[in-house]
**Student:** 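Let me begin by handing over the structure; questions about it come next.
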Amino acid sequence: MATNLSTPPLSPYLPSDNHHHHRRRPSPLRLPTKKRCTISCSSSKRAPSPPSAVAGEKHSPSLAEQLKPLSTTILSDQPNEANLLLKPKSTWVNPTKPKPSVLSLQRHKRSSSHSHNPQIKDLRNFAKKLNDCEESDFLAVIGGFPHPPTRENALLLLNSLRPWQKTLLFFDWVKAQNAFPMETIFYNVTMKSLRFGRQFQHIESLALEMIEKGIELDNITYSTIITSAKRCNLFSKAVEWFERMYKTGVMPDEVTYSAVLDVYAKLGKVEEVMSLFERGRASGWKPDAIAFSVLAKMFGEAGDYDGIKYVLQEMKSLGIQLNLVVYNTLLEALGKAGKPGLARSLFEEMVDSGLAPNEKTLTALIKIYGRARWARDALQLWERMRLNGWPVDFILYNTLLSMCADLGLVEEAETLFEDMKGSVKCKPDSWSYTAMLNIYGSGGNVDKAMVLFREMSEAGVELNVMGCTCLVQCLGRAKKIDDLVSVFETSMETGVKPDDRLCGCLLSVVSYCEGEDVDKVLACLEQANPELVAFVKMLTSDESTDFDVVKEEFKRILSNTAVESRRPFCNCLIDICRNRNYHERAHELLYLGSLYGLYPGLHTKTQEEWRLNVRSLSVGAAQTALEEWMGTLAKIVQRQESLPALFSANTGSGNHKFSQGLGSAFASHVEKLAAPFTESEGKAGLFTATREDLVSWLQSRAPSVMTTACTN
DNA sequence: CTAGGGTTAG
């Protein structure tokens with residue numbers, strides 16, 4: 001049916017052209033020598049407008065346009081803002097006062113009243129009794145309430161009951177006593193307990209009851225409702241209640257603001273977040289560190305570097321100190337935005353400011369260094385962690401292992417893994433084993449991988465889908481197909497749900513298998529993705545299948561495939577066709593893959609140079625692409641059209657320690673074709689040919705011969 | 001702790 005193959009899944013909040021220019025401009029931040037100049041200083045180089053809200057549409061919208069989504073959806077009754085601020089019901093009428101004093105005052109009053117309550121000990125004991133009793137005995141036990149159930153006594157108890165069932169029983173009991181009117185606070189406290197139990201339905205009923213009985217819903221009520229909905233993933237409910245709040249004229253305070261900003265952020269509604277943020281500021285709200293942390297997280301998820309700079313810059317200009325959570329969020333965000341160097345300098349800035357990193361800080365950084373293949377920085381940080389006694393937890397251990405897998409640090413990983421086995425609190429789990437399987441799997445160490453596999457079942461750690469994928473890849477490369485089948489079968493029996501990555505991995509094994517092994521692996525794949533197997537059989541058993549049939553079926557399969565697995569699927573299918581001498585099919589698949597956007601930037605052209613970029617192609621796909629290119633160039637030569645002086649093909653050198661030798665396979669293919677491409681001295685994986693050499697080589701071969709000549 | 005908000009793993 002409907003597919004989105006032609007349109008890659010891009011965020012609707014892509015930067016405008018202006019931002020693009022800004023991003024591409026070389027930034028002084030990138031200079032490694034200016035470590036301490038940090039992000040904050042240079043962020044002032046761009047205009048201080050909120051980035052994504054402005055960047056959200058192709059033509060930068062006016063402020064009014066930016067606010068339109070909100071004003072039409074939630075301010076329909078109050079078309080102008082001044083109106084809102086003058087509403088008598090508003091609980092926040094003085095926008096020049098950034099922090100309403102109500103909050104701290106109320107909290108203070110509460111704690112002092114507690115200390116004056118001489119019955120507090122009895123009540124605490126009674127609360128414990130209630131918490132310990134069976135739910136069925138609850139109402140009987142409650143009859144022994146040690147003192148008159150005054151407002152204060154009831155509140156104290158309500159605050160200390162859990163789980164939510166008991167809180168609710170007690171709340172109903174207090175209501176039935178009719179000893180005093182139920183105020184907002186009783187509902188708020190009950191809702192808080194219900195939130196722990198993720199009981200949004202109950203919370204909403206209570207809120208509706210408040211409305212029905214005319215009990216005021218305040219900011220605490222609304223923020224509790226909103227965060228509960230959020231916790232239950234009921235984001236539209238959260239928005240609905242926020243809109244209701246607005247409509248009834250309650251102005252959000254800073255807590256409600258950050259709660260609801262987080263809702264919009266988690267929905268990916270960057271524009272709404274930014275316009276609400278601006279709206280709040282315009283009416284006197286001073287965002288605090290928590291609000292900025294919400295923004296930072298959102299920009300991180302979007303990979304929006306300009307947004308991250310905006311957060312740093314605004315915090316600086318408002319004089320808000322970065323705390324540990326904000327630093328952690330920003331570090332994570334910089335990682336997602338692909339800025340490892342800036343993450344490193346922000347971390348140094350944090351440490352210099354006297355803040356000690358916690359587990360989350362270090363996890364974020366280690367992950368960033370691993371992904372960036374910054375082995376030196378990763379190992380230095382690891383060393384510093386040990387020297388400074390910085391905290392390590394389970395997740396950090398596993399992240400260190402994954403980092404070792406990324407960097408090919410086999411010995412370090414083995415040492416760490418043994419440490420974990422010897423520890424009490426951080427025994428290796430499926431994540432840890434997966435990281436180790438990844439290391440052995442990509443390093444081709446089948447024996448050690450299989451030892452781990454057996455060890456896992458002994459240790460009672462279940463293999464997950466990624467561990468299964470690592471093993472399948474490793475056993476496939478070692479041509480140990482029977483072991484592969486047995487690992488796959490075991491995984492299925494223990495409940496592993498095959499995903500597209502695993503299917504892609506099986507498919508790649510199919511591409512280089514021979515004889516009965518092919519059928520064995522296809523039988524595995526059949527269990528995970530029967531349509532894919534049917535398609536493979538169509539490609540390899542029936543040469544007469546019409547191209548349009550292939551095209552429709554391929555499109556259908558890709559539509560049902562996770563985006564990150566689409567190109568691997570196409571690569572493998574091309575390899576399968578080539579290895580079975582269905583070269584025309586391989587060319588068709590490459591064409592279809594390009595058509596569906598799986599190979600963006602395959603060809604790049606400048607005045608001086610045309611380049612074929614095959615870095616993300618499999619060996620067979622790269623060979624097919626080269627042949628295709630040569631065929632096209634032969635036609636151009638035949639038509640005597642103009643050509644650039646230089647031609648190049650880039651296979652990349654492969655940053656990964658375990659990466660496959662696409663370059664060498666490509667080199668031997670070039671050699672086989674006797675094409676005049678030579679690998680550059682300084683740049684591994686870059687093959688170049690001059691126009692003169694290439695043209696004379698192309699002319700020496702009749703165009704009609706091209707496809708058949710390339711079939712070896 | 002004593003009615004409400006933000007951060008860690010392929």
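In what follows, chains are A, B, ... by sequence order, proteins preceding strands, each numbered from 1. The structure displayed is predicted, hence computed values, not measured ones. The figures here come from the full heavy-atom set of this structure, side chains too, leaving out hydrogens, waters and symmetry mates.
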**Student:** How many whole angstroms separate atom CE of A/M315 from atom P of B/dG6?
**Tutor:**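 Those two atoms, CE and P, are 16 Å apart.
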**Student:** Roughly how many Å is it from CZ in A/F299 to C1' in B/dG6, rounded to a whole number?
**Tutor:**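 So the two atoms are 15 Å apart, to the nearest Å.
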**Student:** My understanding is that only residues two or more places apart in sequence, or in another chain, count here; which of them pass side chain to side chain donor-acceptor pair (under 3.5 Å) with A/T190?
**Tutor:**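 Once residues adjacent in sequence are excluded, A/T190 has no partner under the side chain to side chain donor-acceptor pair (under 3.5 Å) criterion.
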**Student:** Establish whether the base of B/dG6 is bridged to the side chain of A/N323 by a donor-acceptor pair shorter than 3.5 Å.
**Tutor:**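 Such a pair is found, so the answer is yes.
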**Student:** Checking A/V392 now: which residues fulfil side chain to side chain contact (heavy atoms under 4.5 Å, CB included) with it, not counting sequence neighbours?
**Tutor:**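 Once residues adjacent in sequence are excluded, the partners of A/V392 under the side chain to side chain contact (heavy atoms under 4.5 Å, CB included) criterion are A/M385, A/L396, A/Y397.
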**Student:** Taking the side chain of A/T329 as its heavy atoms from C-beta onward, which of B/dG10, B/dT7, B/dT8 lies nearest to it?
**Tutor:**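 So the nucleotide nearest the side chain must be B/dT7.
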**Student:** Measure CG/A/N188 against P/B/dG5 and give the value in whole Å, please.
**Tutor:**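 Atom CG in A/N188 sits about 11 Å away from atom P in B/dG5.
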**Student:** Give A/T361 one of three labels, base, sugar-phosphate or nothing, depending on what nucleic acid heavy atoms sit under 4.0 Å from its own.
**Tutor:**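 Since no nucleic acid heavy atom lies under 4.0 Å of A/T361, the category is nothing.
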**Student:** Provide the full list of side chain to side chain donor-acceptor pair (under 3.5 Å) pairs with a residue in residues 359-368 of chain A, sequence neighbours left out, each pair given once.
**Tutor:**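 Passing the test, one end in residues 359-368 of chain A: A/N328-A/T361, A/N358-A/T361.
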**Student:** Under 5.5 Å between ring centres and under 30° between planes: does that hold for A/W431 against the base of B/dG10?
**Tutor:**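 Whether judged by distance or by angle, A/W431 passes, so it stacks on the base of B/dG10.
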**Student:** Scan A/D262 against the nucleic acid and name what it touches under 4.0 Å (heavy atoms): base, sugar-phosphate only, or nothing.
**Tutor:**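 Here A/D262 touches the backbone only, sparing every base.
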**Student:** A/K367 side chain N/O closer than 4.0 Å to the phosphate oxygens (OP1, OP2) of B/dG10?
**Tutor:**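 True: A/K367 side-chain N/O within range (under 4.0 Å) of B/dG10 OP1/OP2.
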**Student:** Tell me which nucleotide among B/dG10, B/dG6, B/dG5 gets nearest to the side chain of A/R501.
**Tutor:**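 Taking heavy atoms from C-beta onward, the closest nucleotide is B/dG10.
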**Student:** Distance criterion of 3.5 Å, no angle test: do you see the side chain of A/D288 paired donor-to-acceptor with the base of B/dG5?
**Tutor:**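 It does, because a donor-acceptor pair links the side chain of A/D288 to the base of B/dG5 below 3.5 Å.
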**Student:** Measure from the ring center of A/Y257 to the ring center of A/F277 and say whether it is less than 6.0 Å.
**Tutor:**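 Not under 6.0 Å, so no.
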**Student:** Got a sec, which residues hit side chain to side chain contact (heavy atoms under 4.5 Å, CB included) with A/R384, two or more places apart in sequence or on another chain?
**Tutor:**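 Per chain and number, A/R384 pairs via side chain to side chain contact (heavy atoms under 4.5 Å, CB included) with A/F347, A/E348, A/V351, A/N388, A/W390.
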**Student:** Heavy-atom contacts under 4.0 Å between residues 227-238 of chain A and DNA chain B, which residues?
**Tutor:**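 Within this stretch, A/T227, A/K230 sit under 4.0 Å of the strand.
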**Student:** Does a side-chain N or O from A/R124 land closer than 4.0 Å to OP1 or OP2 of B/dC1, or not?
**Tutor:**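 So the side-chain polar atoms of A/R124 never come under 4.0 Å of the phosphate oxygens OP1 or OP2 of B/dC1.
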**Student:** Atom CG of A/N358 to atom C1' of B/dT8: distance rounded to whole Å?
**Tutor:**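 One finds 8 Å between C1' of B/dT8 and CG of A/N358, rounded.
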**Student:** With a non-hydrogen cut-off below 4.0 angstrom, is A/T434 in contact with a base, only sugar-phosphate, or nothing?
**Tutor:**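 Counting heavy atoms under 4.0 Å across all strands, the contact made by A/T434 includes a base.
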**Student:** Taking any heavy-atom pair under 4.0 Å as a contact, classify A/V325: base, sugar-phosphate, or nothing.
**Tutor:**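 Result for A/V325 = base.
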**Student:** Assign A/V326 to base, sugar-phosphate, or nothing according to its heavy-atom contacts below 4.0 angstrom with the strands shown.
**Tutor:**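 Contact class for A/V326: base.
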**Student:** Nearest to the side chain of A/T399 - B/dG10, B/dA9, B/dG5?
**Tutor:**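 Minimum distance to the A/T399 side chain belongs to B/dA9.
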**Student:** Could you tell me which residues satisfy side chain to side chain contact (heavy atoms under 4.5 Å, CB included) with A/V487, sequence neighbours excluded, listed by chain and number?
**Tutor:**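 Checked A/V487 against side chain to side chain contact (heavy atoms under 4.5 Å, CB included); matches are A/M450, A/F453, A/L463, A/L471, A/L475, A/S491.
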**Student:** Can you measure A/M191 atom CE to B/dT2 atom C1' for me and round it to whole angstrom units?
**Tutor:**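 Going from A/M191 (CE) to B/dT2 (C1'), I get 18 Å.
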**Student:** Measure up the A/Y433 and A/F417 rings against each other and bin them: parallel (under 30°), tilted (30 to 60°), perpendicular (over 60°).
**Tutor:**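 The rings of A/Y433 and A/F417 stand perpendicular, inter-plane angle above 60°.
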**Student:** How would you label the contact of A/D499 with the nucleic acid (heavy atoms, under 4.0 Å): base, sugar-phosphate, or nothing?
**Tutor:**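 Nothing: the residue A/D499, judged by heavy atoms under 4.0 Å, touches no strand.
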**Student:** Take atom CD1 of A/I226 and atom P of B/dG5, then tell me their distance rounded to the nearest Å.
**Tutor:**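 Roughly 11 Å, once rounded to whole Å.
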**Student:** Report the nucleotide, chosen from B/dT7, B/dG5, B/dG10, that has the shortest atom-to-atom distance to any side-chain atom of A/K297.
**Tutor:**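 The listed nucleotide nearest to A/K297's side chain is B/dT7.
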**Student:** Tell me: CG of A/L331 to P of B/dA9, nearest whole Å?
**Tutor:**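 After rounding, the gap between these two atoms is 13 Å.
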**Student:** Between B/dT8, B/dT7, B/dT2, which one does the side chain of A/N328 approach most closely?
**Tutor:**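 The answer is B/dT7.
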**Student:** Report the distance from atom CG of A/L362 to atom P of B/dA9, rounded to the nearest whole Å.
**Tutor:**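 Those two atoms, CG and P, are 14 Å apart.
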**Student:** Begin from the C-alpha positions of A/E414 and A/Y440 and carry the test side chain to side chain donor-acceptor pair (under 3.5 Å) through to its verdict.
**Tutor:** CA-CA 10 Å; A/E414 283 172 340; A/Y440 293 140; 2.5 Å; yes
**Student:** Does the separation of the ring centres of A/F180 and A/F186 fall below 6.0 angstrom?
**Tutor:**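 So the answer is yes for these two rings.
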